[in-house]
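This chain uses plain numbering: 1 for the first residue, then up along the sequence.
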Amino acid sequence: MKKKTMPVEKEVNGLNGNSNLWSYGFQDLNIFSPASLPAPLPASLLASLPAPIPNVPYLDLRIYREPMIKSLIKVHSKDMYRLLEGVHFDGNYYRVKCVSSGEWEYCWDLAVRIQYFGKMLGMTLYPKRLVSQKEKRIVYRSMILVNPYQLWDEALVNKFWNLQERVEYLIARILFHECIHVMISLGNILPSGFGNTDIYLEFRKMLEVSVSEKLSHELHNVQFRLWNLVLFGYSGSESEKKLLERVQEIYEFLINEKYTNQKTGKAFRFPANNKKIARKYSWIAAVKAGGDKQVSKRIWQVEVRRLRIALRELFEGIDTELRAYPKSQ
């Protein structure tokens with residue numbers, strides 16, 4: 001296994017295709033205007049970001065110290081620190097992992113960009129993979145966007161009077177959240193075993209517990225609500241198999257977000273309880289399922305509320321089982 005940290009040359013097919021903007025995002029409600037960007041985003045990505053709000057003040061973000069942010073992350077995850085160690089927060093792609101399996105080499109490029117943009121604290125974009133038949137290489141890419149607009153949050157101001165320390169803490173917290181998603185993607189996509197990290201293995205354990213026999217009732221309730229929502233968003237062209245795959249995809253998304261929010265909250269003493277996570281991500285899951293194409297808005301909203309209740313019960317059950325898990329080993 002080899003690791004490179006030099007900026008990636010744009011030689012293998014370039015940036016080909018659209019980005020998946022339904023990749024995981026860390027959201028909230030306040031909005032700031034965008035600051036100057038260190039490197040231009042591709043037009044296809046820039047056009048997908050929330051529109052800026054004019055005439056709203058913002059802070060120049062260049063006061064942060066990159067090594068300090070990485071050191072804050074290192075305290076909570078050495079695996080994540082190694083992932084970010086050679087990545088500069090300038091919006092350029094850096095090669096963070098390369099592994100060989102059979103005749104093929106699998107690489108992962110990561111870019112991190114700090115900027116103000118709309119309503120989301122952070123977002124991870126996954127452009128299409130780059131395949132080079134000649135070099136027998138597949139390159140996966142992730143771009144993490146960090147939006148530290150909460151600088152004037154009262155609790156954060158009381159904790160960090162120094163503005164530079166406040167910026168660095170907030171960037172580290174958001175980046176930690178988004179990097180968890182990247183590390184789970186690494187574990188899911190790279191050849192078996194090559195993407196294993198403590199974070200990925202913890203997530204897999206939570207996912208396995210969520211589908212265990214002890215939680216079968218809670219699991220089926222969530223899956224039933226997701227199935228209804230997928231049918232409500234049915235466009236008329238998908239097969240039953242595709243609809244079932246969408247249910248599974250959204251289910252894993254929800255467990256991913258539970259794990260990521262709780263892991264980040266514990267690391268940065270910013271707790272997120274199951275009720276809050278279920279409320280926030282049940283709505284996102286319902287939108288991912290397709291919205292209310294086949295039913296009225298009112299019926300769709302009722303089913304979203306039912307999913308929220310079922311999801312909270314499942315999340316509580318997962319926590320109970322995980323607390324008991326070490327004692328049964």
Gln262 and Lys258: side-chain donor and acceptor closer than 3.5 Å? yes
Should His76 and Tyr81 count as side-chain neighbours, where that means a heavy-atom distance under 4.5 Å? no
Expected output: side-chain Lys293 to main-chain Tyr234 donor-acceptor under 3.5 Å: no
Do Arg113 and Ile144 have side chains that get closer than 4.5 Å, going by heavy atoms? no
Please walk me through it: do Leu244 and Gln248 pass side-chain contact (heavy atoms from CB on, under 4.5 Å)? CA-CA 6 Å; Leu244 288 169; Gln248 181 60 27; over 6 Å; no
Can you hop from Val211 to Ile318 via hydrophobic side chains spaced under 4.5 Å? yes
For the residue pair Tyr94 / Asp90, report whether a side-chain donor-acceptor contact shorter than 3.5 Å exists. yes
Kindly indicate whether the side chain of Arg137, heavy atoms from C-beta on, has any atom under 4.5 Å from the side chain of Cys107. yes
So, taking the atom named CD1 in Ile255 and the one named OG1 in Thr260, what distance separates them when rounded to the nearest 0.5 Å? 11.0 Å
Between Ser296 and Asp292, is any side-chain donor less than 3.5 angstrom from a side-chain acceptor? no
Can you name the closest pair of heavy atoms from Ser142 and Tyr126 and give their distance? OG-CE2, 3.3 Å
Just wondering, are more than 12 heavy atoms of other shown residues or ligands nearer than 6.0 Å to NZ in Lys159? yes
In this structure, NE2 of His181 is separated from CZ of Phe176 (nearest 0.5 Å) by 11.5 Å
Between Gln150 and Arg166, does any side-chain donor sit less than 3.5 Å from a side-chain acceptor? no
Between Thr320 and Glu316, is there a donor-acceptor pair closer than 3.5 Å when you use the side chain of the first and the backbone of the second? yes
Do Tyr281 and Asn261 have side-chain heavy atoms sitting under 4.5 Å apart? yes
Any chance you could measure Leu207, atom CG, to Ser212, atom OG, to the nearest 0.5 Å? 10.5 Å
Between Lys70 and Phe89, is NZ or CZ placed under 6.0 angstrom from the six-membered ring centre and within 45° of the ring axis? yes
Starting from the C-alpha separation in whole Å, work towards a yes-or-no answer on side-chain contact (heavy atoms from CB on, under 4.5 Å) for Glu105 and Lys136. CA-CA 6 Å; Glu105 184 179 36; Lys136 295 290 184 181; over 6 Å; no
In terms of hydrophobic clusters joined by side-chain contacts under 4.5 Å, are Val247 and Val287 together? yes
Is there a side-chain contact (heavy atoms from CB on, under 4.5 Å) between Leu110 and Leu84? Walk through the geometry before answering. CA-CA 8 Å; Leu110 178 63; Leu84 290 169; 3.9 Å; yes
Rounded at 0.5 Å granularity, tell me how far CD in Gln223 sits from CH2 in Trp227. 11.5 Å
Within the structure provided, determine whether Ile138 and Tyr106 are in side-chain contact (heavy-atom separation under 4.5 Å). yes
Geometric class of the Tyr200/Phe203 ring pair [parallel <30°, tilted 30-60°, perpendicular >60°]: tilted
Distance-minimising heavy-atom pair for Asp79 and Asp198: OD2-N, 3.2 Å
What's the separation between atom CD1 in Ile171 and atom CD1 in Ile114, rounded to the nearest 0.5 Å? 4.5 Å
For ring pair (Phe, Tyr, Trp, His ring centres under 6.0 Å), just list the numbers for Trp108 and Tyr140, CA-CA rounded to whole Å, side-chain angles, deciding distance to a tenth of an Å, and then say yes or no. CA-CA 5 Å; Trp108 200 287; Tyr140 300 93; 5.7 Å; yes
Using the rule that Ile, Leu, Val, Met, Phe, Trp and Tyr join whenever any side-chain heavy atoms are under 4.5 Å apart, tell me whether Leu163 and Leu72 fall into a single cluster. no
On a heavy-atom basis, which atom in Leu307 and which in Ala285 lie closest, and how many Å separate them? CD2-CB, 4.2 Å
Can you name the closest pair of heavy atoms from Val222 and Ala310 and give their distance? CG2-O, 3.5 Å
Flag yes if more than 12 heavy atoms outside Lys78 fall under 6.0 Å of its NZ atom; otherwise flag no. no
Using the rule that Ile, Leu, Val, Met, Phe, Trp and Tyr join whenever any side-chain heavy atoms are under 4.5 Å apart, tell me whether Val230 and Val302 fall into a single cluster. no
Report yes if some heavy atom in the side chain of Asp109 is under 4.5 Å from a heavy atom in the side chain of Val96; otherwise report no. no
On a heavy-atom basis, which atom in Cys179 and which in Met80 lie closest, and how many Å separate them? CB-SD, 3.5 Å
From CA spacing to verdict: salt bridge (Lys or Arg N to Asp or Glu O under 4.0 Å), Arg306, Glu303: CA-CA 5 Å; Arg306 289 170 176 165; Glu303 197 62 24; 3.4 Å; yes
Just do the ring pair (Phe, Tyr, Trp, His ring centres under 6.0 Å) check on Tyr149 and Tyr116 with the steps written out, would you? CA-CA 7 Å; Tyr149 70 82; Tyr116 292 123; 8.1 Å; no
CZ (Arg82) and CD (Glu85) are apart, to the nearest 0.5 Å, by 8.5 Å
Indicate, with yes or no, if Met68 and Leu170 share a hydrophobic cluster defined by side-chain heavy-atom contacts under 4.5 Å among Ile, Leu, Val, Met, Phe, Trp and Tyr. no
What one should report as the nearest heavy-atom pair of Ser210 and Tyr251 is OG-OH, 2.8 Å
Would you please test Asn147 and Met120 for side-chain contact (heavy atoms from CB on, under 4.5 Å) and show each step? CA-CA 7 Å; Asn147 177 20; Met120 302 186 79; 5.5 Å; no
Would you call Arg246 and Glu238 a salt bridge, using N to O less than 4.0 angstrom? yes
Note, Ile277 side chain near Tyr259 side chain (heavy atom, < 4.5 Å): no
Kindly indicate whether the side chain of Arg65, heavy atoms from C-beta on, has any atom under 4.5 Å from the side chain of Gln164. yes
